[in-house]
Number of protein chains: 2
Amino acid sequence: MTQQADFNVLTETCPSRTSLSRIANKWTAMVVIVLGAGRMRFGDLRAAVQGISPKVLTGTLRDLERDGLVARYAYAEIPPRVEYELTALGHTLHTPLHALGRWAEENIPEVLAAREAYDTLR
Amino acid sequence: MTQQADFNVLTETCPSRTSLSRIANKWTAMVVIVLGAGRMRFGDLRAAVQGISPKVLTGTLRDLERDGLVARYAYAEIPPRVEYELTALGHTLHTPLHALGRWAEENIPEVLAAREAYDTLR
DNA sequence: CCCATCGGTCACCGACCGTGACCAGCCCCT
DNA sequence: AGGGGCTGGTCACGGTCGGTGACCGATGGG
């Protein structure tokens, strides 16, 4: 059974909150969404997640690797080749993050309309 | 059919990305999760989302209000009373964000183990 | 000899997050 | 009459984080 754990993200000191802080992040979400398609090289990832800087991509991937969500494969070639892949745990995270991305895409018309309404009357 | 929109969060200039940036955020996630339980006062919200400062809570709520996800009801009483509630659109966002929170709670043991393993060998 | 390729790192800068102090307005208590 | 409490904020201040542009090492190709 999926046991109801003693963890609660709303509790300030709960370790699950540190995890939420990391995954509830736009760059993390986009990287995980892209990696859902399969193993990918650093450069391809950078091209897929438009606008991400190498520094931020490196940092995001390292954090994901540390949390066991992404595996890193480095090949000692010249020029270097490094590939990234979701782990089994990472795949379970892909589902909710992908849903979040789809929500943003599907509901952006309503959001834009709400923003315009808000901005015009204040 | 849920039509495949022309929006793609991976595209740098797509407006859906501005929406993703806002919702893929730890404070936003926690506030929406809590508001899923129903209409709530500012002070109760602040107590429920442990550790959030009034400044950040105010800012988060205003952004959510602007995007049409939260409705604000202010009563001209002394002491003042202000209530917040998810809109219909906000409720559709509650589902994926709640899933994200649950993911964090359910998988934190594995994440903590991965972190420890990572930190010991580097 | 020099440039391109790839996966980064580094110094710098501005934006955002968190902290603590403070506010208005009316009530109640002394 | 004066002082404190209640609520939903705002403000000034710092530190941390994200973003930008320059640069790197090692090798293959022209």
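Note that the structure is a prediction, hence the values are computed from the model and not measured. Each chain gets a letter, A, B and so on, in the order the sequences are listed, and its residues count up from 1.
Rounded to whole Å, the distance from CZ on B:Arg17 to C1' on D:dG18 is 14 Å. Put simply, OH on B:Tyr73 is 18 Å from C1' on D:dG8, counting in whole angstrom units.
Although no hydrogens or angles enter the test, the distance criterion places a donor-acceptor pair under 3.5 Å between the side chain of B:Thr87 and the main chain of B:Gly68. The backbone N or O of A:Leu10 sits less than 3.5 Å from a side-chain atom of A:Asn8, completing a donor-acceptor pair. A:Arg17 places a side-chain N or O within 3.5 Å of a backbone atom of A:Val9 that can act as its donor or acceptor partner. A donor-acceptor pair under 3.5 Å is formed between the side chain of B:Thr28 and the backbone N or O of B:Arg22.
Just one of B:Glu105, B:Glu106, B:His98 meets the side chain to side chain donor-acceptor pair (under 3.5 Å) condition when paired with B:Arg102; it is B:Glu106.
By the criterion of side-chain heavy atoms lying less than 4.5 angstrom apart, applied directly or through intervening Ile, Leu, Val, Met, Phe, Trp or Tyr residues, A:Met40 is not grouped with A:Ile33; the two fall into different hydrophobic clusters.
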Below 3.5 Å between N/O atoms, which protein atoms pair up with nucleotides 28-30 of chain C? Just atom names and distances, please.
none

Exercise for the section: Classify every nucleotide of nucleotides 4-22 of chain C by which part a protein heavy atom approaches to under 4.0 Å, writing B for the base, S for the sugar-phosphate alone and - for neither, in 5'-to-3' order. Expected result: -BBSBB-------BBB---
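Here A:Tyr75 contributes atom OH and A:Arg41 contributes atom CZ; the two are 10.0 Å apart, rounded to the nearest 0.5 Å. For the atom pair CG (B:Leu100) and OG1 (A:Thr95), the distance works out to 11.0 Å, reported to the nearest 0.5 Å.
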